[in-house]
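Only this structure's heavy atoms are used, side chains among them; waters, hydrogens and symmetry mates stay out. Worth saying up front: this structure is predicted, and the values here are computed from it rather than measured. Each chain gets a letter, A, B and so on, in the order its sequence line appears, and its residues count up from 1.
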Amino acid sequence: MITDARVLQTEFVPSEVVHRHAEVDTIAGALEPLVDDDRPEDALLFGPTGVGKTCVARYTVSRLREQLLDLRTCYVNCWSDRTRFRVLYRLLDAIDRTVDVHRRSTPKDELLDRLREADDHPYVAVLDEADQLEDPSLLYDLSRLPHLTLVVVANRETDLFASLSERTSSRLQSSTRLSFDRYGTDELVAILQGRAEQGLEPGAISDSQLRRIADAAAGDARIAIGTLRSAARTAEREDADAITDAMLTDAIPDARETVRQRAIDQLTDHQRVCYRIVAEAGEIEPGDLYERYRERVDEPRTRRTVRDYLSKLDHYNLVRASGEKRGRTYHAVGRSE
DNA sequence: CGTCCACTGGAAGCCGTGGCGC
DNA sequence: GCGCCACGGCTTCCAGTGGACG
């Protein structure tokens, strides 16, 4: 059934990007001057999850590296490395300049200086989920390094710029900006066909089944590919030659659930309690929510902290906040959504 | 209309932890 | 071992704001 499990991973960067040629060209265009030893532009990529931002960024950068042998590149996910220190550390680590970082306990911007000095080769850094950075002014400092080119990936343009200071945003105004729309069903089908061809036995899944997956994924390629993987696993486990419609029926909710579960697993205990309260209530107001939270945990955090938890849950689509200021309610994010 | 109130999210500061130089 | 410092998680304080209500 499965001939190549790698291509069924959502993180897999295909050798040819389906349906994002224009985007690839735009970013490649921004970076192109590097080939002639010229000054490239930074690139900003925006769009919701599962629309191929990360994929396009990584693909474009890796293709550029084929042309430019001495190009340095690094991919940083700012969700897992969200502090200034960690991002800088990653960027240095990728070029082997971290050797003695721990000695001489880092005076404020030792790491940045070090990165500045490592300018013997051009460097392209992909900063994924950049709106998660705790200290967004890092973007400003990085954008001022002449040999470093940024490819910044974030969800919403407005959110990212809201968190930036005046000088940072004006500095980034001039960069190449690109918004990604949700995939249409046909585009998702094409993506799935590519993955099925590379990863599954011929005839394992029909086009109409792929279309069904694409429909259910509502424009999100991560969900679509996850569904395909889940169905293929079931087929393999049951020793079937092909994926049946019944397997798909199971796989469709499964893929969303997996995405959600992975996010839930990353929460702390207190955050999880908050999530459960909203999930159980379906819809709840902040006051009640905090009361229940206080009853349920041993050493409750303050309201302010719980507010931070909730905005985090909102950000990861585990709950949805509607209304603002006084009129706010928190909703569970439904399974069928 | 003005006033009160609930709620949000920024800012500053506290504190435990952990790595480092001495 | 000691003092130092960065860091992250948290609290405290607060300005701002939309909705409810007299």
How would you list, by chain and number, every residue that makes a side-chain hydrogen bond (donor to acceptor under 3.5 Å, both in side chains) with A/D250, sequence neighbours excluded? none
Contacts to DNA chain C from residues 265-272 of chain A, heavy-atom cutoff under 4.0 Å, which residues? none
Examine B/dT8: is either OP1 or OP2 under 4.0 Å from a nitrogen or oxygen in the side chain of A/Y330? Give yes or no. yes
For nucleotides 15-18 of chain C, print each protein N/O atom paired with a nucleotide N/O atom at under 3.5 Å, atom names and distance only.
none

Summary of ring-ring contact (aromatic ring centres under 6.0 Å, His included) pairs that have at least one residue in residues 222-271 of chain A, sequence neighbours excluded: A/H270-A/Y293
Would you verify whether the NZ or CZ of A/R301 falls within 45 degrees of the ring axis of A/Y309 while also being under 6.0 Å from that six-membered ring's centre? no
From CG of A/D308 over to P of B/dG9, roughly how many Å is that when rounded to an integer? 9 Å
Taking salt bridge (Lys or Arg N to Asp or Glu O under 4.0 Å) as the test, write out the residues that go with A/D207, two or more places apart. none
Could you check how far CD of A/E291 sits from P of B/dA6, rounded to whole Å? 12 Å
List the residues meeting side-chain hydrogen bond (donor to acceptor under 3.5 Å, both in side chains) with A/R296, not counting sequence neighbours, and say none if there are none. A/E280
For A/R262, side-chain hydrogen bond (donor to acceptor under 3.5 Å, both in side chains) partners two or more places apart: none
Test question: given the 4.5 Å side-chain rule for I, L, V, M, F, W and Y, name all other residues clustered with A/I252, or answer none. none
Whole angstroms only, please: what is the OH-C1' distance between A/Y309 and C/dG9? 8 Å
Hits for side-chain hydrogen bond (donor to acceptor under 3.5 Å, both in side chains) against A/R72, two or more places apart or cross-chain, chain-then-number order -> A/D120
Co-members of A/V259 in a cluster of I, L, V, M, F, W and Y side chains, linked at under 4.5 Å: A/I223
Please work out which residues in residues 280-288 of chain A have a non-hydrogen atom less than 4.0 Å from an atom of DNA chain B and list them by number. A/P286, A/G287
Roughly how many Å is it from CG in A/D314 to P in B/dC7, rounded to a whole number? 17 Å
Whole-Å distance between B/dC5 C1' and A/R303 CZ? 13 Å
Please list every donor-acceptor pair under 3.5 Å in which a side-chain atom of residues 236-248 of chain A meets a protein atom from a residue at least two apart or in another chain.
| unit_1 | atom_1 | unit_2 | atom_2 | d |
| --- | --- | --- | --- | --- |
| A/E236 | OE2 | A/I2 | N | 3.1 |
| A/T244 | OG1 | A/M247 | N | 3.2 |
| A/D245 | OD1 | A/Q209 | NE2 | 2.9 |

Report yes or no: is the cationic atom of A/R90 (NZ for Lys, CZ for Arg) under 6.0 Å from the centre of the six-membered ring of A/Y75, at an angle within 45° of the ring normal? no
Value in whole Å for how far the P atom of C/dG9 lies from CZ of A/R307: 18 Å
What is the separation between atom CZ on A/R301 and atom P on C/dC10, rounded to the nearest whole Å? 5 Å
Between OH of A/Y290 and P of B/dT8 the distance, given in whole Å, is 13 Å
